[in-house]
Amino acid sequence: MAGSERVKMAAGEWYSCLDNELEALRALARDAVFEHNCLPPRQRGNLGPGLKALLGGVGEGARIEAPFHCAYGFNIVLGDGVFLNAGCTILDTASVRIGKGTLLGPNVQIYCAEHHRQAAGRQAGLEIARPVEIGAHAWIGGSAVILGGVSIGEGAIVGAGAVVTRDVPANETVVGNPARPVKRG
């Protein structure tokens, strides 16, 4: 399928992240993130104004502590009452949807971009974007890493430091690297 690199990215096809249009969009995100991270907390509130305008959707009472980083911002949708603790990074080359009441601990990382396996492809900036979906009322422990293409079900718990490489069913607890279900009883 022909089209701009942004169109290819949105379609889940291989695209070049070295594209000028994508770089301009990342620059807009860096400006909004810088404002959010540098505003005094009482002035910033739950979200800096530039970041709030940039995000794809922000539910009532959603809050992002500083510092925060995202790649584009417009692919991120936060449900009501979502809380991202300090140090979270979301590389939102694809859709990242976080359900209402979900909590992300400090330094949680969400990576939608997958780089090319061949060195020449990486040198050309080739990536493919895979979405991440986190259901309502989930809890993602500090320093967890969530890879692209993963869905985490409603009420699930991801232990601190876990690396989530596959889907997590609703109400399940996973820990470790790679994340595996906790055996009960």
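Predicted, not measured: the structure shown is a model, and the values here were computed from it.
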Can you check whether [X] reaches [Y] side chain to side chain, under 4.5 Å on heavy atoms?
| X | Y | answer |
| --- | --- | --- |
| V108 | I90 | no |
| K52 | P49 | no |
| N177 | T165 | no |
| L28 | R30 | no |
| I152 | I146 | yes |
| I98 | V96 | yes |
| T93 | Y72 | yes |
| W14 | H116 | yes |

Hphob cluster co-occupancy, [X] + [Y], side-chain heavy atoms under 4.5 angstrom:
| X | Y | result |
| --- | --- | --- |
| L104 | V145 | no |
| Y111 | I128 | no |
| L126 | M9 | no |
| L147 | I110 | no |

(request) Could you walk me through whether E172 and R180 pass the salt bridge (Lys or Arg N to Asp or Glu O under 4.0 Å) test, one step at a time? (result) CA-CA 10 Å; E172 187 159 277; R180 301 275 189 230; over 6 Å; no

Taking atom [atom1] of [X] and atom [atom2] of [Y], what is their separation to the nearest 0.5 Å?
| X | Y | atom1 | atom2 | value |
| --- | --- | --- | --- | --- |
| L84 | L103 | CG | CG | 9.5 Å |
| L55 | L47 | CG | CG | 6.0 Å |
| S95 | E133 | OG | CD | 6.5 Å |
| C17 | E127 | SG | CD | 4.0 Å |
| R97 | N75 | CZ | CG | 10.0 Å |
| C88 | I140 | SG | CD1 | 10.0 Å |

Would you say the side-chain atoms of [X] pair up with the backbone N or O of [Y], donor to acceptor, closer than 3.5 Å?
| X | Y | value |
| --- | --- | --- |
| S16 | A124 | yes |
| N171 | A156 | no |
| R122 | R117 | yes |
| D92 | A71 | yes |
| Q109 | N107 | yes |
| T102 | H137 | yes |
| E35 | G50 | yes |
| T89 | H69 | no |
| D19 | E5 | no |

(request) Anything under 30° is parallel, anything over 60° is perpendicular, the rest tilted; go ahead and classify H36 against F68. (result) perpendicular

Other residues, nucleotides and ligands only: do more than 12 of their heavy atoms fall within 6.0 Å of [atom1] on [X]?
| X | atom1 | answer |
| --- | --- | --- |
| R166 | CZ | no |
| R63 | CZ | yes |
| F83 | CZ | yes |

Over all atoms of both residues, closest heavy-atom pair of [X] and [Y]:
| X | Y | answer |
| --- | --- | --- |
| A144 | G159 | CB-O, 4.1 Å |
| N85 | G105 | CB-C, 3.5 Å |
| A94 | P131 | CB-N, 3.5 Å |
| A66 | R44 | CB-NH1, 3.5 Å |

(request) Could you go through the side chain to side chain contact (heavy atoms under 4.5 Å, CB included) check for C112 and V132 one step at a time? (result) CA-CA 7 Å; C112 293; V132 169; 4.1 Å; yes

(request) Check the pair D167, S151 against side chain to side chain contact (heavy atoms under 4.5 Å, CB included), reporting the backbone distance first and the verdict last. (result) CA-CA 5 Å; D167 292 350; S151 292; 3.8 Å; yes

(request) Give the intermediate values and the outcome of side chain to side chain contact (heavy atoms under 4.5 Å, CB included) for residues L78 and I76. (result) CA-CA 7 Å; L78 307 176; I76 300 170; 3.8 Å; yes

(request) Show the numbers, then the answer: is there a side chain to side chain contact (heavy atoms under 4.5 Å, CB included) between V82 and V58? (result) CA-CA 9 Å; V82 166; V58 178; over 6 Å; no

